[in-house]
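What follows is one structure encoded as structure tokens, with my remarks underneath.
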Amino acid sequence: MVSEAARRFATAGENGNCNDKGVVELTVKRGEGVLVPPAEETAKGLYFLSNLDQNIAVTVQTIYCFKAAENGNDGAPAVLKAALAKVLVHYYPLAGRLTISGEGKLIVDCSGEGAVFVEAEAECDMAAIAADVEKPDPATLGKLVYSVPGAKNPLEIPPLVAQVTKFNCGGFVLGLAMNHCMFDGIGAVEFINSWGETARGLPLAVPPFLDRTILRSRIPPVISFPHREFLELADASPAAALYYHEQPLLYRSFLFDQEMLHRLKKKSMPDNSPCTTFEALSGFIWRARTKALDLRPEQQTKLLFAVDGRSRFEPPLPKGYFGNGIVLTNSLSTAGELVGSPASFAVGLVQEAVRMATDEYMRSAIDYFEATRARPSLAATLLLTTWSRLPFHTTDFGWGEPAMSGPVELPKKEVVLFLSHGKERKRINVLLGLPASAMETFRELVEEI
């Protein structure tokens, strides 16, 4: 059956090279990468990154697929390149390079060197990659995002790298590689939308607020919470580790439609206590994954997820804050109590973690890093990454909104990704990787909803 996403994405024909299994292999011819500096002179010097930026200096790769327009796509690369130079005047730190400060922290050298921009052509129609976008296939989608040759660490990769790939059908894909230390998902969406507005000759709806020093640590640091997100849990479940070593890691996406989400909320809170979709789904995923991995009852297991602190800080962060305004919050339970208790127990733990993200908690987290330079531990941990609330689909460079958009890479084994699904964005795709036998158990638990 052809998925709704594939139907929306499809254009005339699926030209491409098929291997001996009949699968279309994407062939992409890239040009040379060029530097795109800001169109005007911008401030030089060192640009401060807050402690919320420090622990997530990883490159995030995303793609945005635009269908053919009546006037074609021949001018797309030139339009995006020119608009990038103009928008970098406002977002000039993205034209700099990451370095290490005298304190041993990441900082941006605003050198004005520019973002990397690459033009490419694919030897097929865009419909050929529809399934790969719906459930990310890094081997295919990775060809749509440029990787800087020879780069071994984040300091050797410019904060922003863009590739525009034209397809035979007239559509094109914008592939981005952006360092997470430069902004969180909300900030990334605001930047990409600003780029699109610039391409259409419009003023920025949300100009960036660049001063990250408003999130400096306190002097002296005040640590008022235990911050279990950094806690290293002992492995008391060798069987689970054995699964990962002896069985193939399978990736599957599970679609939770509105009816399933309604049933899940009802099961999670049978007494009709208030419960959000995120809380119900997070509690279920944590509990089901723990059960599928057959963790020992005494095994402690941790749930981590990011909470948007923009409105939770006192005062709230300014509109357009350019940086990471998210903080990790956590829940902790033994596997036995998590699996053996009603679903409402897991949901209650998630709700407590959401409530915990107050102004004082977030400033304590900032101060904790200042004092310890600790990094969050993923031992015996599930990290939920929620993209389902991010409006990546709103970007418009003059060719309309993207037919599809999403990540290029699959999540790590400790990570579960929530993605919005469908035009109305009311369904959620849950993408995760588990050993084969655990994945079968997880699938059965989903079907019981």
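When all heavy atoms of Leu98 and Pro154 are compared, the pair lying nearest together is CD1-O, 3.9 Å. Residues Leu233 and Ala379 come closest through the heavy atom pair O-CB, 3.6 Å. Of all the heavy atoms in Leu417 and Pro407, the pair that sits closest is CD2-CG, 3.7 Å. Closest approach of Ile285 and Leu382 over heavy atoms only: CG2-CD2, 4.2 Å. Of all non-hydrogen atoms in Leu215 and Ile366, the two that sit nearest each other are O-CG2, 3.7 Å. Smallest separation of non-hydrogen atoms from Gly150 and Glu156: O-OE1, 3.6 Å.
For Arg310, the salt bridge (Lys or Arg N to Asp or Glu O under 4.0 Å) partners two or more places apart in sequence, or in a different chain, are Asp184, Asp308. Thr213 pairs by the side chain to side chain contact (heavy atoms under 4.5 Å, CB included) definition with Phe48, Asp211, Arg216, not counting sequence neighbours. Not counting sequence neighbours, the partners of Lys413 by the side chain to side chain contact (heavy atoms under 4.5 Å, CB included) test are Tyr244, Leu249. By the side-chain hydrogen bond (donor to acceptor under 3.5 Å, both in side chains) test, Glu259 is found to be paired with Arg263, residues two or more places apart in sequence or in another chain being considered. By the side chain to side chain contact (heavy atoms under 4.5 Å, CB included) test, Glu113 is found to be paired with Arg97, Ser111, residues two or more places apart in sequence or in another chain being considered. Applying the ring-ring contact (aromatic ring centres under 6.0 Å, His included) test to Phe117 and every residue at least two apart in sequence or in another chain returns nothing. The side chain to side chain contact (heavy atoms under 4.5 Å, CB included) check on Glu352 picks up Leu349, Arg355, with sequence neighbours excluded.
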With side chain to side chain contact (heavy atoms under 4.5 Å, CB included) as the test, would you mind laying out the steps for Val173 and Phe167 before giving the verdict?
CA-CA 8 Å; Val173 171; Phe167 285 75; 3.5 Å; yes
Quick one, Asp257 with Arg427, criterion salt bridge (Lys or Arg N to Asp or Glu O under 4.0 Å). Give me CA distance, side-chain angles, the key distance, then yes/no.
CA-CA 5 Å; Asp257 59 24; Arg427 292 173 287 171; over 6 Å; no
Given Asn193 and Thr394, is the side chain to side chain donor-acceptor pair (under 3.5 Å) satisfied, shown in steps?
CA-CA 7 Å; Asn193 284 345; Thr394 59; 3.2 Å; yes
Residue pair Val430, Val416: steps toward the side chain to side chain contact (heavy atoms under 4.5 Å, CB included) verdict:
CA-CA 7 Å; Val430 175; Val416 172; 3.5 Å; yes
Apply salt bridge (Lys or Arg N to Asp or Glu O under 4.0 Å) to the pair Glu370 and Lys105, showing each step before the final yes or no.
CA-CA 10 Å; Glu370 189 68 22; Lys105 293 184 187 178; 2.5 Å; yes
Checking side chain to side chain contact (heavy atoms under 4.5 Å, CB included) for the pair Thr62/Leu174: CA distance, chi angles, key distance, verdict?
CA-CA 8 Å; Thr62 52; Leu174 172 63; over 6 Å; no
Applying ring pair (Phe, Tyr, Trp, His ring centres under 6.0 Å), run through Phe397 and Trp195 and close with a yes or a no.
CA-CA 7 Å; Phe397 291 93; Trp195 186 1; 5.3 Å; yes
List the steps and the verdict of side chain to side chain contact (heavy atoms under 4.5 Å, CB included) for Phe191 and Val87.
CA-CA 8 Å; Phe191 163 70; Val87 80; 3.8 Å; yes
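Contact check for Thr165 versus Val28: side-chain heavy atoms found under the 4.5 Å cut-off. Two residues are said to be in side-chain contact when any heavy atoms from C-beta on lie closer than 4.5 Å; Thr395 and Val189 fail this criterion. Taking the side chain as every heavy atom from C-beta outward, Pro136 and Val408 never approach each other to under 4.5 Å. Side-chain contact check for Leu94 versus Met182: some heavy-atom pair is nearer than 4.5 Å. Within the 4.5 Å cutoff, no side-chain heavy atoms of Leu317 are placed close to those of Phe209. Taking the side chain as every heavy atom from C-beta outward, Ser437 and Asp294 never approach each other to under 4.5 Å. Contact of the Gln61 side chain with the Leu176 side chain is not registered, since no non-hydrogen atoms from C-beta on lie closer than 4.5 Å. With contacts defined as side-chain heavy-atom distances shorter than 4.5 Å, the pair Met178/Val60 does not qualify.
A salt bridge (Lys or Arg N to Asp or Glu O under 4.0 Å) check over residues 268-290, counting only residues at least two apart or in different chains, returns nothing. Sorted by first and then second residue, the pairs that involve residues 320-343 and meet ring-ring contact (aromatic ring centres under 6.0 Å, His included), not counting sequence neighbours, are Tyr91-Phe322, Phe183-Phe322. Counting only residues at least two apart or on different chains, no side-chain hydrogen bond (donor to acceptor under 3.5 Å, both in side chains) pair has a member in residues 143-154. The ring-ring contact (aromatic ring centres under 6.0 Å, His included) analysis of residues 267-316, with sequence neighbours excluded, yields the pairs Phe278-Phe305.
Side-chain atoms of Gln351 come within 3.5 Å of backbone atoms of Pro274 as a donor-acceptor pair (strictly under, hydrogens ignored). Checked by atom type and distance alone, the side chain of Gln54 pairs as donor or acceptor with a backbone atom of Leu106 at under 3.5 Å. Remark: side-chain polar atoms of Asp367 are paired, donor with acceptor, to backbone N or O of Val222 under 3.5 angstrom.
Between atom CE of residue Met362 and atom CD1 of residue Ile326 there is a gap of 11.5 Å, rounded to the nearest 0.5 Å. Distance check, rounded to the nearest 0.5 Å: CG of Leu52 to CZ of Arg363 gives 9.5 Å. If you take CG on Leu155 and OG1 on Thr99, they are separated by 6.5 Å, rounding to the nearest 0.5 Å. Expressed to the nearest 0.5 Å, how far CE of Met126 lies from CE of Met404 amounts to 10.0 Å.
Residues Asn324 and Ser50 bring no donor and acceptor atom of their side chains to less than 3.5 Å of each other. A side-chain donor-acceptor contact under 3.5 Å links Gln163 and Arg30.
The pair Arg312-Asp359 does not meet the salt-bridge criterion, since no charged nitrogen lies less than 4.0 angstrom from a carboxylate oxygen.
Sparse packing is recorded around NZ of Lys291, with 12 or fewer heavy atoms of other residues, nucleotides or ligands lying under 6.0 Å away.
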Donor-acceptor contacts under 3.5 Å from residues 224-232 side chains, at least two apart:
residue, atom, partner, partner atom, Å
Ser224, OG, Glu360, OE2, 2.6
His227, ND1, Glu229, OE2, 3.0
His227, NE2, Ser364, OG, 2.7
His227, NE2, Ala365, N, 3.3
Arg228, NE, Asn330, OD1, 3.0
Arg228, NH2, Asn330, OD1, 3.1
Glu229, OE1, Asn330, ND2, 3.2
Glu229, OE1, Tyr361, OH, 3.2
Glu229, OE2, Tyr361, OH, 3.4
Glu232, OE1, Ser377, OG, 3.2

